[in-house]
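These values consider heavy atoms only, across backbone and side chains, with no hydrogens, waters or symmetry-generated copies.
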Amino acid sequence: MYRVVTVAREYGSGGSPIAARLAARLGWELVDNSLIVDVAKAANVDPSICHQCDERVDSWFHRLNKRTFGRGTFEGVTAGEVFDGDAMVSLSRKIIETAADHGETVIVGRAAQCILQGRRDVFHVFIYAPMEERIRRIRELHGSAFATAAQIDEQDRIRSQYVRHYYECDWRDPHLYDALFCSTLGDETIVGLMVRALGVEEGQTQHAQ
């Protein structure tokens with residue numbers, strides 16, 4: 001039986017709200033922006049710093065400086081060290097693996113489809129949408145200033161670079177996923193299809209009791 005769902009998504013496709021609806025319907029834990037808070041606590045840094053590193057690769061200058069001077073962190077942040085993308089990835093991976101081991105969890109982004117690839121109890125989903133649908137959703141959430149094709153393409157590029165750099169995977173490779181859904185189907189429709197694919201009886205999970 002599937003105990004975990006990972007939800008990768010194009011920027012603005014609605015993957016996060018769809019994942020939230022699925023988690024609520026199943027009574028499962030949702031790991032999305034809460035991961036940033038958990039990483040911040042583990043690293044003893046401000047959540048805003050973690051947000052800046054979330055699903056992003058450090059600049060080439062930072063990586064060059066790190067290789068040259070050996071500065072940075074992987075297990076946490078101590079005096080004199082700088083929290084960076086590598087630290088974010090290391091801690092995020094641990095949190096994702098722990099959440100998956102616990103089960104009954106929906107995990108959004110953060111290359112969870114790569115981290116948990118090969119586990120038979122994990123169902124991997126990719127959410128996509130036409131550009132006009134993504135622009136509409138972003139306009140509703142953040143206003144017209146952010147709802148441009150150029151900004152959307154840039155966010156996709158950043159996410160793709162993140163997955164390729166840290167996990168050597170093609171973010172859009174369909175072989176990483178068990179199902180791909182276009183969000184123009186409607187959020188509730190997609191959630192219903194996912195529930196059927198999971199074969200999970202709603203209201204019978206541990207977290208829902």
(request) Apply side chain to side chain contact (heavy atoms under 4.5 Å, CB included) to Arg110 and Glu55, showing your working. (result) CA-CA 6 Å; Arg110 284 81 184 185; Glu55 294 189 287; 4.2 Å; yes
Can you check whether [X] reaches [Y] side chain to side chain, under 4.5 Å on heavy atoms?
X	Y	result
Ile18	Val7	no
Ile107	Val4	yes
Phe181	Thr189	no
Arg164	Trp171	no
Val39	Phe83	yes
Asp54	Met88	yes
Arg119	Asp101	yes
Ser92	Cys50	no

Honestly curious: do [X] and [Y] fall in one hydrophobic cluster under the side-chain, below-4.5 Å linking rule?
X	Y	value
Leu141	Ile135	no
Ile158	Val89	no
Leu185	Met194	yes
Val37	Leu91	no

Where do [X] and [Y] come nearest, in terms of heavy atoms and distance?
X	Y	value
His124	Leu116	NE2-O, 3.7 Å
Ala112	Thr6	CB-CG2, 3.8 Å
Ala197	Tyr2	O-CE1, 4.0 Å
Glu133	Ala129	CG-CB, 3.9 Å
Thr105	Trp28	N-CE3, 3.4 Å
Ile152	Arg134	CG2-NH2, 3.1 Å

(request) Identify which one of Arg9, Gln113, Arg172 satisfies the side-chain contact (heavy atoms from CB on, under 4.5 Å) criterion when paired with Phe126. (result)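 The passing option is Arg172.
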Please round to the nearest 0.5 Å and tell me the distance separating atom [atom1] of [X] and atom [atom2] of [Y].
X	Y	atom1	atom2	result
Met131	Thr148	CE	OG1	8.5 Å
Ile115	Arg93	CD1	CZ	5.5 Å
Ile190	Cys182	CD1	SG	7.0 Å
Asp38	Thr98	CG	OG1	10.0 Å
Asp187	Leu22	CG	CG	11.5 Å
His175	Gln117	NE2	CD	11.0 Å

(request) Start with the C-alpha distance between Arg157 and Glu154, add both sets of side-chain angles, then the distance that settles salt bridge (charged side-chain N to carboxylate O under 4.0 Å, His left out), and finish with yes or no. (result) CA-CA 5 Å; Arg157 185 195 66 78; Glu154 175 62 11; 2.7 Å; yes
Is it the case that the side chain of [X] and the backbone of [Y] share a donor-acceptor pair, with hydrogens and angles ignored and the cut-off at 3.5 Å?
X	Y	value
Glu10	Ile127	no
Ser160	Asp156	no
Gln155	Tyr11	no
Asp46	Ala40	no

(request) Look at atom CD of Glu140 and say whether more than 12 heavy atoms of other residues, nucleotides or ligands are closer to it than 6.0 Å. (result)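 Count over threshold, so yes.
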(request) List the steps and the verdict of side chain to side chain contact (heavy atoms under 4.5 Å, CB included) for Val31 and Val106. (result) CA-CA 6 Å; Val31 177; Val106 179; over 6 Å; no
(request) Quick one: which residue pairs count as a salt bridge (Lys or Arg N to Asp or Glu O under 4.0 Å) with a foot in residues 142-153, not counting sequence neighbours? (result)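 Every pair satisfying salt bridge (Lys or Arg N to Asp or Glu O under 4.0 Å) with a residue in residues 142-153: there are none.
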(message) Run Val125 and Asp178 through side chain to side chain contact (heavy atoms under 4.5 Å, CB included) and show every step you take.
(response) CA-CA 6 Å; Val125 173; Asp178 299 294; over 6 Å; no
(request) Take Glu188 and Arg25, measure what side chain to side chain contact (heavy atoms under 4.5 Å, CB included) needs, and give me the verdict at the end. (result) CA-CA 10 Å; Glu188 281 299 326; Arg25 184 159 166 179; 4.0 Å; yes
